[in-house]
Each structure stands twice: as structure tokens, then as C-alpha cells.
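A note on names: the letters A, B, ... follow the listed sequences, proteins ahead of strands, and every chain is numbered from 1.
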Amino acid sequence: MSVCSLVSEDDSHKPIQLHHQHSVTLGRGPETKIKDKKCSREQVELRADCNRGFITVKQLGVNPTNVDDVVVGKGNRVTVKPGQRLYMVNQQYPYRVRFTEDTSTPRSAAELSKPSKRAHRMSSEGNAEKIKSPANTASDHHRMSDDSPPPKKIPSSGSDKSESAGHWSQGLKVSMQDPKMQVYKDDRVVVIKDKYPKARYHWLVLPWDSISSLKALRLEHVELLKHMQRVGDQMLQQCPDAHKLRFRLGYHAIPSMSHVHLHVISQDFDSPCLKNKKHWNSFTTDYFVESQGTLYTKTAGYSKLQINVFVVL
DNA sequence: GTTCTAGAAC
DNA sequence: GTTCTAGAAC
């Protein structure tokens, strides 16, 4: 009897052996190394018929499993023969089935070399635009000849794009330049309303000088920080509800947004934008580093907060 | 930072 | 059934 293997065309893991008439459930997990949340942990149920040389695949997950360009559909079962390609989910994670004889019969080899029997029911966008990239070829050299390379998973670039202008983390730099957002400005700082206020009053004080993060602060910034603090205090003084609300001024220890910014926030936390634990914790725990009276000059005691230089204000 | 969503947890 | 959570995308 021949032996059936499920072979990852991405070469992302070793072939998985399918025993004759034994059901195997596969999906997201260590066996396939698929981490894509769109892929269920139990995405497919596979069963090999080693005598007849095919497997059946039943789609268990919600998102589509394909055999070539045909969606299996949840709850449905179809066959996969050598030459056909099984995509675990969303036309990604391509697999082939391979039957190898442990005897010397040539049938398996003949089967393997058969051209794809896939019906050309491809939609017009089909595979015409899919160009095999040179980077693909190195790992492809064992693949059977085929005119349709699998959809290429495009890995996110290794380069850090978070510093590029359009990235979400650069949003404050855009907002602070927008006159409609500004509620105060002078020659050193600008104040804007937080776009997603976590309380009834929530301002951000930003220096015009580009200081990407607290880690970039140096002693020469002390006067600027003091000025930011003074401007923050002025915001309270002009606030009509200041007398009945408590305020805190401070920095997030590990902010998501680039460009140093001082939060000036009332302590009512009455806001539809305060939606989860992370929001709450970011203003009510040590993650919120109060600016006034805070003194650190080295990382020592505050290494967890990733602050290099902090000063008495 | 927010939003969206699948799957887990309840 | 609803809520929570963790990732991914932006």
C-alpha cells in the first residue's frame, strides 16, 4: 500500500503523514505552523485513501478552504488528488498530497508527474497576474512543473515603517500642526485636545521641537519640560470646571504615539472613549508617570518604564 | 492610538 | 446566547 503525505508547498514544515482511512484534523497550530487567526484550529478534516490515491477534505472552519480555485465550503467534503492543490484558508497555505510506494511499483511516480487535472474554471482574474518572484524560485526547485504558483504570502517588511509619515503612530505630529486642533500655542509648545479623550477634559501638550519619545530626553530639555508643565497648569486655570474636578498631568511610560506629549486629564474618566482595561490602567497605574515632583536621572529605578532621563519639575 | 473579527470563555 | 481577548490591519 502506498503512503500518503500532505506536503506544504511553502516548505513551512515537514510533510504530515496521513494514514489510510484515518481522519486527521488540521488548522492553525504547531503542526502546520499557521498562526493566521483566520484559520481555525480545526480548519479541515483530512482522510486518505491510499488504495485509490486521493484524500478527502472536509472544511470545518468558517473561512474558506480551497481545492485549487474551488471553495470547499463549511461542512462539505471533496477529494484532493495528486496534482491538485489544497489551500488551508483564504487561498493561502498551499499543500499537495503525495503518495509514495514502499514497493517498486511505478504507479506513484506516474501519478506524481501527471499534469494538474484541475478544471480551468478560474475567474477572469485567475492566475494571469501572479508572477513568480525571483525570491520564490530557490525554494521552488523541487516543485512539480506547474504554471500557477501559489498565492505568495507577503511578509511584512523587516524595515521599521512605524517612523514613516503616514503611519498611525505619527498621528500627533499631524494633529499638532492642524490649526483646528490647536487650543493654545506659543513659540515652544502647542496644546491640542486628545482625539479620543478619556475624560471630560483631556489635553496634550507637545513641544514644537521633535522629540520622538521620553528616551530621547536629555538634560537640555529640562527647561522645555518645565514650560510644558506650566502650560498644562494654565489649561486648568482657564477650565470652567477646574474647581470641581481633579486633574493630573503626566506622561505614559511606554506611549504608542510618537512625539513627546504631556497628558493633562481630569480625573472623572467620564468619556465614551474610555472603553477597556488598558485605557483605565494607562491613567490610573504607574504607567501614568506624573510629571510634577517626579525625579529620575537614570534608568535605575525606572528601567521598566523605559525612561532615561527625568527631572524635577 | 483605534477598529475589526475569530475564537474562547462564560 | 453574550462578553472577553488577542491579533492584525490601519
Participant: For A:Y196, is there any backbone N or O sitting under 3.5 Å from a side-chain donor or acceptor partner on A:K198?
Facilitator: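 Pair found, side chain donor or acceptor close to backbone of A:Y196.
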Participant: Please report the distance, rounded to the nearest Å, between CG in A:L274 and P in B:dG1.
Facilitator: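 Whole-Å distance recorded here is 12 Å.
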Participant: Measure centre to centre between the rings of A:H20 and A:F99, then say whether the value is under 6.0 Å.
Facilitator: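 Centroid separation for A:H20 and A:F99: 6.0 Å or greater.
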Participant: Could you check whether A:H279 gets within reach of a base, just the sugar-phosphate, or nothing at all, counting any heavy atom under 4.0 Å?
Facilitator: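 Sugar-phosphate, no base atom in range.
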Participant: Counting any heavy atom closer than 4.0 Å, what does A:S40 reach on the DNA or RNA strands: base, sugar-phosphate only, or nothing?
Facilitator: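 If one applies the 4.0 Å heavy-atom cut-off, A:S40 turns out to touch the sugar-phosphate alone, with no base involved.
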Participant: Could you tell me how far apart A:K38 (NZ) and B:dC4 (P) are, to the nearest whole angstrom?
Facilitator: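 Roughly 13 Å, once rounded to whole Å.
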Participant: Please report the distance, rounded to the nearest Å, between CH2 in A:W280 and C1' in C:dC4.
Facilitator: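 In whole Å, C:dC4 C1' and A:W280 CH2 are 19 Å from each other.
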Participant: Please give, in whole Å, the distance from B:dG1 P to A:H259 NE2?
Facilitator: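 In whole Å, B:dG1 P lies 15 Å from A:H259 NE2.
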Participant: Can you confirm whether A:R96 sits close enough to A:R98 that some side-chain heavy atom of one is under 4.5 Å from a side-chain heavy atom of the other?
Facilitator: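 No, every pair of side-chain atoms sits at 4.5 Å or beyond.
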Participant: OP1, OP2 of B:dG1 versus side-chain N and O of A:K278: anything below 4.0 Å?
Facilitator: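 Negative; the distance criterion is not met.
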Participant: Would the distance check show the side chain of A:N63 and the main-chain N or O of A:C39 forming a donor-acceptor pair, the cut-off being under 3.5 Å?
Facilitator: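 No, A:N63 side chain to A:C39 backbone: no donor-acceptor pair under 3.5 Å.
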Participant: For a quick test of reading the model: is some side-chain N or O of A:H252 closer than 4.0 Å to OP1 or OP2 of B:dG1?
Facilitator: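 Yes, because at least one side-chain N or O of A:H252 sits under 4.0 Å from OP1 or OP2 of B:dG1.
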Participant: For the pair made of NE2 in A:H202 and C1' in B:dT2, what is the distance, rounded to whole Å?
Facilitator: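 Those two atoms, NE2 and C1', are 14 Å apart.
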Participant: Do the ring planes of A:F283 and A:H263 sit parallel (below 30°), tilted (30 to 60°) or perpendicular (above 60°)?
Facilitator: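 It falls in the perpendicular class, over 60°.
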Participant: Show the numbers, then the answer: is there a side chain to side chain donor-acceptor pair (under 3.5 Å) between A:Q182 and A:K185?
Facilitator: CA-CA 7 Å; A:Q182 297 164 350; A:K185 62 178 167 182; 3.1 Å; yes
Participant: Same cluster or not: A:V57 versus A:V97, using hydrophobic residues (I, L, V, M, F, W, Y) connected whenever any side-chain heavy atoms lie under 4.5 Å apart?
Facilitator: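 The answer is yes; both residues are in one hydrophobic cluster.
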Participant: How many whole angstroms separate atom CE of A:M176 from atom P of B:dG1?
Facilitator: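 Rounding to the nearest Å, CE of A:M176 and P of B:dG1 are 17 Å apart.
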Participant: Taking A:Q59 for its side chain and A:T65 for its backbone only, find out whether a donor-acceptor pair lies under 3.5 Å.
Facilitator: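 Yes; at least one donor-acceptor contact below 3.5 Å.
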Participant: What does nucleotides 5-10 of chain C look like as a protein-contact string, B for base, S for sugar-phosphate only, - for none, at under 4.0 angstrom between heavy atoms?
Facilitator: S-S--B
Participant: Angle between ring planes, A:H252 versus A:Y287, binned at 30° and 60°: parallel, tilted or perpendicular?
Facilitator: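 If you compare the ring of A:H252 with that of A:Y287, the planes turn out tilted.
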Participant: Rounded to the nearest angstrom, tell me the gap between atom CG in A:N276 and atom C1' in B:dT3.
Facilitator: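 Whole-Å distance recorded here is 12 Å.
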Participant: Under 4.0 Å, heavy atom to any atom of DNA chain B: which of residues 190-200 of chain A qualify?
Facilitator: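 The answer is A:Y196, A:K198.
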